[in-house]
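One structure is given here, and the rest of the page talks about it.
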Amino acid sequence: MSVRVRFAPSPTGYLHVGATRSALFNYLYARQKGGKFLLRIEDTDLARSTDESTRSILEGLAWIGLEPDEEIVFQSANADKHRAIAKRLLAEGKAYRDFTPKEAPSDGPVKESIKERARAQGGEKNMRDNPYRDLSTVESDTRAASGEPFAIRLKVPEVGKTAFEDGVFGLQERNYAETEDLVLLRSDGHPLYNLAVVCDDIEMAITDVIRGQDHLTNTHKQILIYEALGVAPPKFAHLPLILAPGGKKLSKRLHGEIVSLTTYRDAGFLAASFRNFLALLGWSASEEQEIYTFEELIEKFSLEGVHRSSAIFNYEPNNPKRWTDDKLIWMNAEYIRTMPLAGLLPFVKAELKAAKLWREEYEPEGRAVAATIDSTESQSFENATEMGDRPAALAINLPQVGSHEWYIRTVDLIRARFFTLKDFSAQGRSYFSEDFDFDPAAIEKNLNKFPDLKNWLPELADRFESEFQEKAYSEENIETVVKAFTEEKGTKLGVIMNGARTLLTGVAVGPSMLSVFEVIGLERTLMRLRSRVAFNA
RNA sequence: GUCCGGUUCGUCUAGGGGUUAGGACACCGCCCUUUCACGGCGGCAACACGGGUUCAAAUCCCGUACCGGAUACCA
């Protein structure tokens, strides 16, 4: 029988990081086994489920690359079938009507009150003491016919135990005595989670259930339902939980948007790096490798490699540098600087577009224009002004700047220092626009400390202008000119370079200045070196 | 309370009777260097505790502590 797994989130909010990892492990497992990965939206809690949430889950899965192989199943659509099955179990005497009036919902956090009650009952509670458990069929039918409300509970056998071999946790056993007669159908006729899950898993022909460890006790309950139904249960595997730094289960309520997948997409993370990071949280291929392609993950994934202990997802809410897990940030940077450039380009394009920094000339079709520029001798910029559709006031002469070649070279140059895609439009802004900010710390350190620069840098611009009338504005030539200039002024190369860096890019960090000069282009270099805007700031 | 599970550097983890207990992130230092990174080299840093088994225990067994999960007419 070929493997069929499912990811079954309830649409009560955004897609959770922990849920995403469950989805990922299911997906990896299915792909490796040549099986199918299915999606079921568990929207049986009408009060809490929203379409908005369903959309957000779908969106998140699409982003992270875990799209289902078959039509999405909405659990609520199967409610009639679930009810019918509950009735069948009732008719077969495997379930019974419980006429106990529904408890009024307690105020305060539900989890807390459940826990309180459980603690009060202690380990002494007899799970089989429901007075309606052995009500005669006749009386049960009569009371039901009279319109008295009832819930339907599974009649868990007195003696015995549920047992299954968990793919991660090994043999799991639980005495029937520890499992209550769980409710299958609410008194308002609404099917409950465990019943719905079992029915749907059977209907979807699920062979392997891979889900969070918080479902371990549900599994015993569900096996009871499988037994009552006379259907062989699927294989089960439970995943360790992901914990927040405090040690608590990472949750929406406690930890906010740090657990939302979309947070990472919106913050400029690559789906590939996020996937890679998630895969390594609670799973290991037992080797010293950190970076895995999707294909490698599929190939190497195994339930045996999944841990039994939960992992902490580190983050510091008030530390901008560490707002999320260090290793995740590192991994994203690693992807950005080492992945094939062609793979990165579409993401950079999207980011620049969103920041309104994108220009059509960066497209490969822009080649024709760029080629013209290159071939018509080095520094003829006539064409450049035609490239943009900026207002005249902002129009600047872009040298080969603006061509597709310039664009990919620039991206390749600056990506080495970036952590997220956002950096292309933030730190990298000065490469794509005249409208960029100056970092006060950079001004202080690189300009104000050397007052001479106020005159030197415009002077350097003049020097560039005369020197590069004939010569190509290349790194090699630039170096010669700047070095000569530095010697004349009797200063250190770093003073000139860093001063220029600040005026040219607004920041104190970046690639080699020779590359920066070249990539900014002569026209913009002259303009920026002559600009006093930073000095006046 | 009861049931289930867990505990190796700060974090993610490798190892699972004999290891100088390995790697990654983070941090620190040095090198490279016009800046910041990258890269290279080095450093800091861990087997929860107590018994037992054994020639030998981080590794196997028992107990303790601590942590987590579960507990519903939620999912």
Got a list of protein N/O to nucleotides 58-65 of chain B N/O distances below 3.5 Å?
none

**OP:** Using a cut-off of strictly less than 4.0 Å between a heavy atom of the residue and any atom of RNA chain B, enumerate the qualifying residues of residues 480-495 of chain A by number.
**Re:**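 Close to the strand are A:Gly494.
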
**OP:** Using ring pair (Phe, Tyr, Trp, His ring centres under 6.0 Å) as the criterion, list what pairs up with A:Phe464, not counting sequence neighbours.
**Re:** A:Phe468, A:Tyr473, A:Phe517

Contact class for [X] (heavy atom, under 4.0 Å): base, sugar-phosphate, or nothing?
X	result
A:Ala416	sugar-phosphate
A:Pro511	base
A:Gly282	sugar-phosphate
A:Lys248	sugar-phosphate
A:Arg308	sugar-phosphate

Original post:
Considering residues at least two apart in sequence or located in another chain, which fulfil the salt bridge (Lys or Arg N to Asp or Glu O under 4.0 Å) criterion with A:Glu299?
Top reply: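 A:Glu299 satisfies salt bridge (Lys or Arg N to Asp or Glu O under 4.0 Å) with no residue once adjacent residues are dropped.
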
Subject >> Any residue meeting salt bridge (Lys or Arg N to Asp or Glu O under 4.0 Å) with A:Glu444, in chain and number order, not counting sequence neighbours >> reply: none

Original post:
With A:His82, which residues qualify under side-chain hydrogen bond (donor to acceptor under 3.5 Å, both in side chains), at least two apart?
Top reply: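 A:Asp200.
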
Protein and nucleotides 25-28 of chain B: nitrogen or oxygen contacts under 3.5 angstrom:
from	atom 1	to	atom 2	distance (Å)
B:C25	O2'	A:Lys327	N	3.4
B:A26	O3'	A:Arg322	NH2	3.1
B:A26	O2'	A:Arg322	NH2	2.1

N/O donor-acceptor pairs under 3.5 Å from side chains in residues 8-15 of chain A, not counting sequence neighbours:
from	atom 1	to	atom 2	distance (Å)
A:Tyr14	OH	A:Gly256	O	3.0

Subject >> Partners passing side-chain contact (heavy atoms from CB on, under 4.5 Å) against A:Ser76 (at least two apart in sequence or in another chain) >> reply: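 So A:Ser76 forms a side-chain contact (heavy atoms from CB on, under 4.5 Å) with A:Asp43, A:Phe74.
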
Subject >> Side-chain-base donor-acceptor pair under 3.5 Å for A:Thr502 and B:U35 >> reply: no

**OP:** Indicate for each nucleotide in nucleotides 70-75 of chain B, in 5' to 3' sequence, whether protein heavy atoms under 4.0 Å reach the base (B), only the sugar-phosphate (S), or nothing (-).
**Re:** SBBBBB

**OP:** Enumerate the residue pairs fulfilling salt bridge (Lys or Arg N to Asp or Glu O under 4.0 Å) with a member in residues 487-511 of chain A, sequence neighbours excluded, ordered by first and then second residue.
**Re:** A:Glu459-A:Lys489, A:Arg463-A:Glu488

**OP:** With sequence neighbours excluded, give me every salt bridge (Lys or Arg N to Asp or Glu O under 4.0 Å) pair touching residues 308-336 of chain A.
**Re:**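 Passing the test, one end in residues 308-336 of chain A: A:Glu290-A:Lys327, A:Glu316-A:Arg322, A:Arg322-A:Asp326, A:Glu334-A:Arg337.
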
